[in-house]
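Here is how names work: the chains are called A, B, and so on, in the same order as the sequence lines, proteins then strands, and each is numbered from 1. Since the model is a prediction, treat every value here as computed from it, not as a measurement.
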There are 2 protein chains.
Amino acid sequence: MEPKSTRKRFHVAQGAGEKQVKLSDVAALAGVSPATASRVLNRPEKVGREMRERVQAAAATLGYVRDAAARALASRRSRTIGAVVPTLDNPIFATGVQGLESRANERGYSLVVASSDYRVDKELRQATMLLERGIEGLMLMGTEHHPSLYALMKTRGVPHVNSWVNEGDAEHPCIGFDNVEAATRLTNYLLDLGHRRFAMIAGVAKGNDRAAARVEGVRAALTADGVALEEGRFIEIPYGVREGRDGLRAVLAGDPATRPTAVICGNDLLAFGAMFEAAAMGLDVPGDLSVVGFDDTELSSHIPPGLTTMHVPSVEMGKLAADYLVNRIEDQPVRHRTRVEVRLVVRGSTAPPRG
Amino acid sequence: MEPKSTRKRFHVAQGAGEKQVKLSDVAALAGVSPATASRVLNRPEKVGREMRERVQAAAATLGYVRDAAARALASRRSRTIGAVVPTLDNPIFATGVQGLESRANERGYSLVVASSDYRVDKELRQATMLLERGIEGLMLMGTEHHPSLYALMKTRGVPHVNSWVNEGDAEHPCIGFDNVEAATRLTNYLLDLGHRRFAMIAGVAKGNDRAAARVEGVRAALTADGVALEEGRFIEIPYGVREGRDGLRAVLAGDPATRPTAVICGNDLLAFGAMFEAAAMGLDVPGDLSVVGFDDTELSSHIPPGLTTMHVPSVEMGKLAADYLVNRIEDQPVRHRTRVEVRLVVRGSTAPPRG
DNA sequence: TTGTATGCGTTATCAT
DNA sequence: ATGATAACGCATACAA
């Protein structure tokens with residue numbers, strides 16, 4: 001049941017009861033037309049020094065504050081961009097959003113955020129809400145979205161970027177890197193070290209194309225070298241430290257003699273868990289077991305013996321996404337696909353296998 | 001110099017060239033008045049089943065999307081709330097924002113975020129921008145803000161909450177906990193363990209009243225027990241792991257015989273750094289040195305030997321802030337001050353001093 | 001360079 | 001329960 005059909009109307013937020021001071025008030029006080037006042041605020045260079053200062057003074061004394069809704073309605077521009085990310089709980093996304101927000105702000109845009117919980121249907125709902133809100137550009141994570149979402153953005157003519165990805169066949173604008181290739185490199189590094197028995201603790205692939213791509217990259221590299229990732233040596237699990245610990249136990253089960261010598265984790269959180277659990281199991285990292293992660297979060301370089309991982313420039317991607325979007329919105333030249341550099345950071349958690 | 005006085009006008013985002021379908025189009029197709037169509041969308045219960053379904057069908061076939069700007073202008077309600085946080089880079093804030101966003105969304109509001117970089121002047125600018133954007137409620141971190149900001153919110157009649165704080169004299173609505181008291185408890189715990197020689201690695205107090213309050217709490221507890229925090233045993237440093245390591249070296253300098261037996265860190269990141277550095281220095285935690293943090297981030301429970309810290313319910317605070325704000329906006333009853341529980345989580349990083 | 005007049009898409013008031 | 005119509009506050013043709 002709904003709360004009651006007689007819904008109470010909410011009060012209109014307003015100090016005391018004084019009406020909002022509007023642009024025409026400012027114009028009146030300054031003794032100019034509203035049009036001129038508007039120009040002073042939006043294109044000051046197009047108005048004479050004299051009037052300009054009168055208007056600015058009037059605005060100041062009246063404490064005038066623009067009404068973005070009216071501006072948006074009249075100009076058909078909201079000066080707002082949107083982002084829907086899986087969650088802000090993962091620091092790597094949070095920093096990405098931070099980069100997006102700061103750059104967008106520098107360029108005069110505000111950011112509206114929403115989260116999808118790694119679910120394409122929720123992502124669609126959230127994006128729709130943002131579109132209603134009049135966002136002029138949209139940042140999404142990954143490339144796997146609800147088909148209706150692409151359609152929606154297209155018919156509304158709203159530019160978007162898929163971030164964290166940059167795959168060969170990308171038909172959509174993107175800013176990121178090739179997760180398959182990055183995972184392949186990471187794996188090859190281990191292969192080059194001499195490892196032949198592998199395990200992988202992957203993130204959940206459903207609703208997360210980056211996680212899936214990383215698995216693909218690992219498998220590809222292994223296969224290319226004729227190395228198998230055995231059934232029990234692969235586990236898919238949500239990102240988290242606890243999960244990494246459980247994951248390690250799972251993939252290391254069985255005869256110690258045939259135990260993997262290297263474990264590849266879907267991200268750093270899982271890798272931290274794996275390292276902690278290895279220690280708890282009395283295993284030496286990297287002596288008994290090499291561990292690699294993905295993301296290069298702040299802790300990775302400090303956690304002993306240091307985590308070998310793939311560095312992902314999340315803030316940079318956020319900033320590039322903002323630039324791409326704003327450039328598109330403002331009809332400035334853009335690159336349709338932008339690649340950022342991920343780089344392998346070798347630290348103490350990896351070494352050649354024993355023997 | 002500005003880009004050139006002849007600024008190019010941006011294109012109006014719109015698919016192909018087809019005009020946006022508006023409510024009157026929907027109404028026309030459904031054969032009803034715009035007023036009725038509007039009602040169907042906003043208060044469906046106030047309209048007959050018959051017309052309601054006609055309108056809904058029409059909206060669906062036309063792919064109608066509401067225009068929030070027009071809605072906001074006409075209704076004087078933006079259904080948007082704002083948050084300005086120091087940075088999203090700190091996971092504890094990111095999760096707080098996540099809680100705020102999710103609850104706000106559940107209640108039909110969108111979230112616009114901005115960041116202040118721990119600077120009150122930037123916070124003021126950002127908040128002003130949000131106010132222009134028509135936010136109906138604002139979440140801020142801490143209690144220390146530019147006086148003009150309080151004035152602005154008051155004259156505009158926009159409700160706000162200070163989060164992460166709940167201090168005795170709070171004249172403003174807040175949702176959080178008493179940082180002084182929490183730090184005092186943390187310190188007393190160490191005191192009760194028998195520690196008498198302390199060090200503190202604090203966050204930067206300037207622009208961060210929470211950091212300052214934590215220092216105050218530590219000092220108060222120490223003083224109450226007649227224990228001194230010596231000059232060289234206190235350092236103020238930005239939050240970060242690297243900084244925690246440097247900080248530890250700094251506060252542990254000097255004669256090992258009079259070295260502190262316990263170090264209190266301003267947050268978990270600093271504490272992690274301190275623990276890593278202690279290990280690097282050959283010090284056993286907690287044998288030679290007890291370490292405590294603040295926040296209880298995901299890693300705290302996993303990092304060996306486990307970090308004793310003060311658990312801060314950041315997601316919960318975000319959700320409560322959203323509820324408070326939305327309730328205020330919608331004229332529902334609210335508690336002006338809401339306290340959340342922080343609790344001491346004792347783990348392996350603390351023990352009585354040797355001897 | 002400045003002013004006049006119109007419209008942006010929706011909600012709300014007041015009738016019916 | 002439904003419809004006609006007037007705001008909402010601002011930007012922008014277009015005219016001067």
Side-chain angles (χ1 to χ4, degrees), chain A residues 5-14 19-28 30-55 58-59 62 64-79 131-134 136 156, chain B residues 5-14 19-28 30-55 59 62 64-79 131-134 156:
Chain A
S5 75
T6 42
R7 293 284 294 281
K8 199 171 164 191
R9 300 322 300 136
F10 313 140
H11 74 243
V12 174
Q14 202 61 228
K19 308 215 145 320
Q20 176 183 156
V21 5
K22 58 185 71 165
L23 191 52
S24 58
D25 299 331
V26 175
V32 304
S33 76
T36 298
S38 174
R39 284 186 203 105
V40 171
L41 263 40
N42 298 314
R43 285 97 133 276
E45 74 277 2
K46 311 226 62 157
V47 71
R49 178 181 191 69
E50 159 78 4
M51 317 236 103
R52 186 185 335 146
E53 292 177 347
R54 285 226 308 270
V55 171
L62 257 39
Y64 171 70
V65 178
R66 292 135 94 119
D67 182 323
R71 268 169 35 103
L73 185 56
S75 67
R76 316 194 50 53
R77 309 228 318 103
S78 69
R79 291 161 183 84
L131 257 11
E132 289 188 355
R133 240 90 199 177
E136 301 186 63
R156 296 223 103 203
Chain B
S5 75
T6 42
R7 293 283 294 282
K8 198 169 162 194
R9 300 322 300 135
F10 313 140
H11 73 245
V12 175
Q14 202 62 228
K19 308 214 143 322
Q20 176 184 154
V21 7
K22 57 184 71 163
L23 191 52
S24 57
D25 299 330
V26 175
V32 305
S33 76
T36 299
S38 174
R39 281 186 206 107
V40 170
L41 264 39
N42 298 314
R43 283 96 131 272
E45 73 277 2
K46 310 224 63 156
V47 71
R49 177 184 192 67
E50 159 78 5
M51 316 237 102
R52 189 190 328 150
E53 292 177 348
R54 285 226 307 272
V55 171
L62 257 39
Y64 171 69
V65 178
R66 297 139 101 129
D67 182 323
R71 261 160 52 93
L73 184 57
S75 67
R76 317 191 51 53
R77 310 229 317 102
S78 69
R79 291 162 182 82
L131 257 11
E132 289 188 354
R133 239 92 200 176
R156 294 223 103 203

* Using a cut-off of less than 4.0 Å, is there contact between a side-chain N or O of B:R76 and OP1 or OP2 of D:dC8? -> no
* Go through D:dT2, C:dT2, D:dA11 for me and flag the one nearest to the B:V47 side chain. => D:dT2
* Asked: How close or far is atom P of C:dT10 from atom CD of B:Q20, stated in whole angstroms?
  -> 6 Å
* Asked: What residues, two or more places apart in sequence or in another chain, satisfy side-chain contact (heavy atoms from CB on, under 4.5 Å) together with A:S24?
  -> A:K22
* By salt bridge (charged side-chain N to carboxylate O under 4.0 Å, His left out) - contacts of A:R52 (at least two apart) -> none
* B:S75, nearest nucleotide to its side chain (from D:dC10, C:dT11, D:dG9) -> C:dT11
* Taking every non-hydrogen atom, the tightest pair across A:R156 and A:L131 -> NH1-O, 3.3 Å
* Structure fact -> In whole angstroms, the gap separating C1' of C:dT10 from CG of A:D67 amounts to 14 Å
* Non-neighbouring partners of B:A74 that pass side-chain contact (heavy atoms from CB on, under 4.5 Å), sequence neighbours left out -> none
* Structure fact -> Sorted by chain and residue number, the side-chain hydrogen bond (donor to acceptor under 3.5 Å, both in side chains) partners of B:R66 (sequence neighbours excluded) come out as B:N42
* Structure fact -> Residues at least two apart in sequence or cross-chain that pass side-chain contact (heavy atoms from CB on, under 4.5 Å) with A:R39, listed by chain then number, are A:A35, A:T36
* Integer-rounded Å distance: C:dT2 C1' and A:E45 CD -> 15 Å
* Nearest whole angstrom, please: distance from the C1' of D:dA11 to the CG of A:L73. => 10 Å
What are the atom names and distances for every N/O pair under 3.5 Å that joins the protein to nucleotides 3-6 of chain C?
from  : atom 1 : to    : atom 2 : distance (Å)
C:dG3 : OP2    : A:S33 : N      : 3.1
C:dG3 : OP2    : A:S33 : OG     : 3.2
C:dG3 : OP2    : A:T36 : OG1    : 2.5
C:dG3 : N7     : A:R39 : NH2    : 3.2
C:dG3 : O6     : A:R39 : NH2    : 2.6

* Asked: C:dG9 P sits how many Å from B:N42 CG, rounded?
  -> 17 Å
* How close or far is atom C1' of D:dC8 from atom CG of A:D25, stated in whole angstroms? -> 14 Å
* What is the distance, rounded to the nearest whole Å, between atom CG of B:L23 and atom C1' of C:dG7? -> 17 Å
* **B:L62 CG to C:dG9 P, straight-line distance once rounded to whole Å** => 14 Å
* Tell me whether the OP1 or OP2 atom of D:dC10 has a side-chain N or O from A:S38 closer than 4.0 Å. => no
* Asked: Heavy atoms, side chains only, cut-off 4.5 Å: are B:R79 and B:R71 in contact?
  -> yes
